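Worksheet: the structure to be examined is printed underneath.
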Amino acid sequence: MISKSNVLFVQSKRFCVCHRFVQSSSRPFDVETLRNQKTLQNYFPQDSYEQRTIKRLFKGVTNGNRASLAEAITLVESSHETKKFMSQILLQMVLRTLDQENSTVKNNELHPSTTLRIGITGPPGAGKSTFIETFGMYLSDKLSLKVSVLAVDPSSSRTGGSLLGDKTRMPELSTQPNAYVRPSPSRGELGGVARNTIEALLLCEGAGYDVTIVETVGVGQSEVRVADMTDLFVLIIPPAGGDELQGLKRGVIESCDMVLVNKSDGDLLPAARRIQTEYVSALKFIPRKHKEWRPRVKRVSAKQNEGIQEVWKTMLNFHETMMKSGRFFELRKQQKHIWMWNHIQSNILSQFKQTMSINKQLPLVNQLVENDEITPGMAADVLIKSFFKS
Ligand SMILES: Nc1nc2c(ncn2[C@@H]2O[C@H](COP(=O)(O)OP(=O)(O)OP(=O)(O)O)[C@@H](O)[C@H]2O)c(=O)[nH]1
């Protein structure tokens, strides 16, 4: 009989072996080797748990299996070193498969294998979830497209990142066979959450999802991060007074490709029309994000299911324009650079926070900063120098 302690022993031994393998692998671990390695899963010992897991998840994800997709996203979100490494191998295998499919796209013409990454932001209560539910249903049910929804929520205070919280926000869509709604990743610093999201996005594409919607729920920098990892960035606003919208950061408006004035129904209709006109004029004075695209302002009612088809038509127009000019794939390349820098940022930050010498100095440094004895900038310099020395 296998006791619990036996299982734990076997598991911990397995991870130790694997961890050592990753850290001091006899195979050289550099960029050239990664490039030339034909069977990536061979980075782990033959028939090891890790290798079998990667193979199983790769097969499941690329066959569009939702359970495998969910498990692969959980792997990506893990902070365990070995699991992080496993997830990178898996992602690289998925990326190569997608690249092979996309290599059939010639001269930037529209091709069915290209996917669309849509970022959605907006002030609380604008109707983002209601819109995603209605829009997602239109794409998956009416157009038979596969739709996935991911949320970026670094604070995740509203639902605590709970499964139930996000499921109930989009009750109809989350039960659609063509749709996959991923609950927001657990709390964490923005860099890590952003990294997880872009990796989850790639896995969704590997699983055959045509459209991936990334919703930003937190406030602050997360909106701009989502704009960086998606092809098309949409700002949803309610037909509220100008004062409320003043609070929206200029950066958010500058990075959007479409503005949707939601709740354009009933008594709110006149206000929605006014806001639409205001935004059309305001956007004329904002520098263009892409020279080939003028941001469009549309009115919708997510609740009454109005204007949704028009929104999709405009999105396709955007996609076609960007593909024809070659900008689409340029943006995709940029997204990969951002992905790499997100990793560097979050990995260095977590190593920094774990460093003993930093932790020892931190109470004193905090005190000196609070008492204005040294500036926060100077304190940061001291800690960074000590990190690189250690
Ligand atoms: N009249 C009207 N109400 C709407 C519409 N869309 C959403 N609402 C209502 O607006 C409220 C907020 O909607 P949500 O979809 O939760 O808004 P949200 O932007 O996701 O809000 P947060 O989760 O706080 O970020 C709800 O009471 C919705 O029923 C619409 O098109 N018309």
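Both counts, for ligands and for their atoms, begin at 1 and track the order of listing. Given the structure is predicted, the values throughout are model-derived calculations rather than measurements.
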Residue pair F233 / S255: nearest heavy atoms and the distance that separates them: CD2-O, 3.3 Å

Would you say A126 has any N or O atom under 3.5 Å from an N or O of ligand 1, going by distance alone? yes

Answer yes or no: does an N/O atom from L268 fall short of 3.5 Å to an N/O atom of ligand 1? no

Ligand 1 to E215 polar contact by distance, N or O atoms, under 3.5 Å: no

Should F135 and T130 count as side-chain neighbours, where that means a heavy-atom distance under 4.5 Å? no

Between Q304, R299, K263, which one has a non-hydrogen atom sitting closest to atom 9 (C) of ligand 1? K263

Keeping the roles fixed (side chain from Q335, backbone from T230), state whether a donor-acceptor pair exists under 3.5 Å. yes

Does N262 approach ligand 1 within less than 4.0 angstrom via side chain, backbone, both or neither, non-hydrogen atoms only? side chain

For ligand 1, which is the ligand I care about here, please tell me if K128 has any N or O atom under 3.5 Å from one of the ligand's N or O atoms. yes

Whether the S264 and R299 side chains hold a donor-acceptor pair (N or O, under 3.5 Å, no angle test) is what I'd like checked. yes

Does the residue S301 have a heavy-atom contact with ligand 1, meaning some pair of atoms that are separated by less than 4.0 Å? yes

So does K303 pair up with D265, basic N to acidic O under 4.0 Å? no

D265 contact mode with ligand 1 (heavy-atom cut-off under 4.0 Å): side chain

Is G125 in polar range of ligand 1, meaning some N or O pair under 3.5 Å apart? yes

Is any side-chain heavy atom of V259 closer than 4.5 Å to one of L283? yes

Between H319 and F328, how do the two ring planes meet: parallel, tilted or perpendicular, split at 30° and 60°? perpendicular

